[in-house]
Number of protein chains: 2
Amino acid sequence: MRDSDIPEIRKLDLFSEMSDASFAGLIRGAYVQDFPPQIDLVTEGDPAGFLHVLMSGSAELYADWNGRETLMATVRPVSTFILAATIRDGPYLMSARTIEKSRVVLLPSTDVRTAFEQDHEFARAIVGELAMCYRSVVKDTKNLKLRTSLERLANYLIRSHLHAGAALEFDLLMEKRRLASFLGMTPENLSRAIKALRPYGVRIDGATVRITNMEDLKALSKPSALIDDYAT
Amino acid sequence: MRDSDIPEIRKLDLFSEMSDASFAGLIRGAYVQDFPPQIDLVTEGDPAGFLHVLMSGSAELYADWNGRETLMATVRPVSTFILAATIRDGPYLMSARTIEKSRVVLLPSTDVRTAFEQDHEFARAIVGELAMCYRSVVKDTKNLKLRTSLERLANYLIRSHLHAGAALEFDLLMEKRRLASFLGMTPENLSRAIKALRPYGVRIDGATVRITNMEDLKALSKPSALIDDYAT
DNA sequence: TTCCGAAGTTGACATTTATCAATTGTGTGG
DNA sequence: CCACACAATTGATAAATGTCAACTTCGGAA
């Protein structure tokens, strides 16, 4: 592990409040690996051996069933993933693979559980993190069940716009086929949805999005804090 | 509160391991209410004032957006609901209403957070509960994104069958319109899906389900532990 | 028991979404 | 710079799902 990795990990909400001793105990058993793109880090169904921390690059969490595959989430540095499986000592529910060349720190699940037993601050941080993750997925479910794919796309664009500091021109940050899978639609359908948003003041050229009429877009997408706001 | 309520609450996983003192602190501020059917207990967007414990009856968690409504989960006694909002001191993401006449214990969120700060065993139980809830919703999302409505129905029936002790004849436990909403489809579509399952060895008459050909049903529904098993 | 209203079903139809096939665009390695 | 592989788009069509309206069934209240 690089010396520079450790303070970066320490800064994460999950680890920032725990005792030095517990943190040291966690880091002691950790190891780091650099992965090329498109490498499977985790396979759903496997026992959760490690809590993963993505230090650089990017990864995706996806799920399979009956020959179909869907993108569940994209992970960007620096953040952890698959905490719940580690805590419950259960099988992974999602698979993970790198998108780009990525650097990952692996913390053995047993060490994580030990630290959690011994360090109340860490337990508290885990509670906060899990509650947030849970609420994110609930929002996701609402998004899927209450909205059409066009509405999901429109809201995704508004969220990206806000994420980009409310810029009216911003980047899609994801290949379109990935975005389609994330939004629960086919690439073809996404292509058509993008065209269908033109009358609502949206221009997408390659990976560049330009919003020319926020009023109309908002009238269509009706963003709601209880679905689209990641913070609450 | 009835005397008999307290040991019932104490027996829940969430509360069984905490200290007597912490539990007493929680119960001290609690109060109980009996509600008639179809009464709103919680409205999404409101600040999370209470952790709810359903003692008897039944309730549903649902979500609204843009005039549409969807059933997210059904709550049966004895269990708690809306823990994550309480913990994060955030707004409720779902609304809740009674289905039948129900008895509910209300624990003030501040008391829950205080107990969580002071009692490591309680914190540990919360972590376990939240991790399980999170994993349930992830399975839900996979169910929604990877399966058609017919497949969701087929798998729902198999889960109910297992829940009923693997009986080949069992009860639907829910009005069909509720089931339709839960599965993310219209009542009309559910009606047709039920007929479409007949060739696969399923007979549904009123609220009674009879599975006459488990092979065929399983061949269609392809149940997976990573979606359908609530325990993992 | 009868009646009423809501739930459930059915048919016709509209909309949404997926599938398949062909074509165009695009970024990367030689 | 070119060529290749793959992403993205487009058109045609099919399948899945929703909507609306009519009708039937069922359960509870008078």
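Chain letters run A, B, ... following the sequence lines, proteins first and then strands; every chain starts at 1.
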So which nucleotide from dG11(C), dA18(C), dA7(D) ends up closest to the side chain of Lys195(B)?
-> dG11(C)

Rounded to the nearest Å, what distance is computed from the CZ atom of residue Arg147(A) to the P atom of nucleotide dT17(C)?
-> 14 Å

Are any non-hydrogen side-chain atoms of Asp228(A) and Lys139(A) less than 4.5 angstrom apart?
-> no

Is there a donor-acceptor pair closer than 3.5 Å between any side-chain N or O of Lys142(A) and the backbone N or O of Ala63(B)?
-> no

Short N/O separations, protein against nucleotides 21-23 of chain D, under 3.5 angstrom:
none

In whole angstrom, what separates Glu151(A)'s CD from dT16(C)'s C1'?
-> 11 Å

Answer yes or no: is there a donor N or O on one side and an acceptor on the other, between the side chain of Arg210(A) and the main chain of Glu169(A), under 3.5 Å?
-> no

Met185(A) has its side chain closest, among dA18(C), dG8(C), dT10(D), to dA18(C)

Separation of dG18(D) P from Arg177(B) CZ (nearest whole Å) = 16 Å

Any Thr186(A) side-chain nitrogen or oxygen under 4.0 Å from OP1 or OP2 of dT17(C) | no

Rounded to the nearest angstrom, tell me the gap between atom CG in Leu183(B) and atom C1' in dT17(D).
-> 14 Å

Short N-O contact, Arg97(B) and Glu69(B), less than 4.0 angstrom | yes

Between Phe50(A) and Tyr31(A), is the gap from one ring center to the other below 6.0 Å?
-> yes

Just by modelled atom types, is the Asn189(A) backbone N or O under 3.5 Å from a matching donor or acceptor in the Thr186(A) side chain?
-> yes

May I ask you to verify if any side-chain N or O of Thr148(B) is less than 4.0 angstrom from the OP1 or OP2 atom of dA16(D)?
-> no

Specify the separation, in whole Å, of atom CD1 of Ile194(A) and atom C1' of dT10(D).
-> 13 Å

In whole angstroms, the gap separating C1' of dA18(C) from NZ of Lys145(B) amounts to 16 Å

Think Arg103(B) forms a cation-pi with Phe35(B), using NZ or CZ under 6.0 Å from the six-ring centre and within 45 degrees of its axis?
-> no

Show each protein N/O and nucleotides 22-30 of chain C N/O combination with a separation under 3.5 Å, one pair to a line.
none

Reference residue Tyr62(B); test side chain to side chain donor-acceptor pair (under 3.5 Å); the match among Thr74(B), Thr70(B), Asp40(B) = Asp40(B)

Looking at the side chain of Arg192(B), which of dG8(C), dG11(C), dT17(C) is the nearest nucleotide?
-> dG11(C)

Rounding to a whole Å, what distance do you find between Leu197(A):CG and dT16(C):P?
-> 13 Å

With distance as the sole test, does Thr86(B) use its side chain to make a donor-acceptor pair with the main-chain N or O of Ile82(B) at under 3.5 Å?
-> yes

Would you mind reading off the distance between Asn189(A) atom CG and dA16(D) atom P, rounded to a whole angstrom?
-> 16 Å

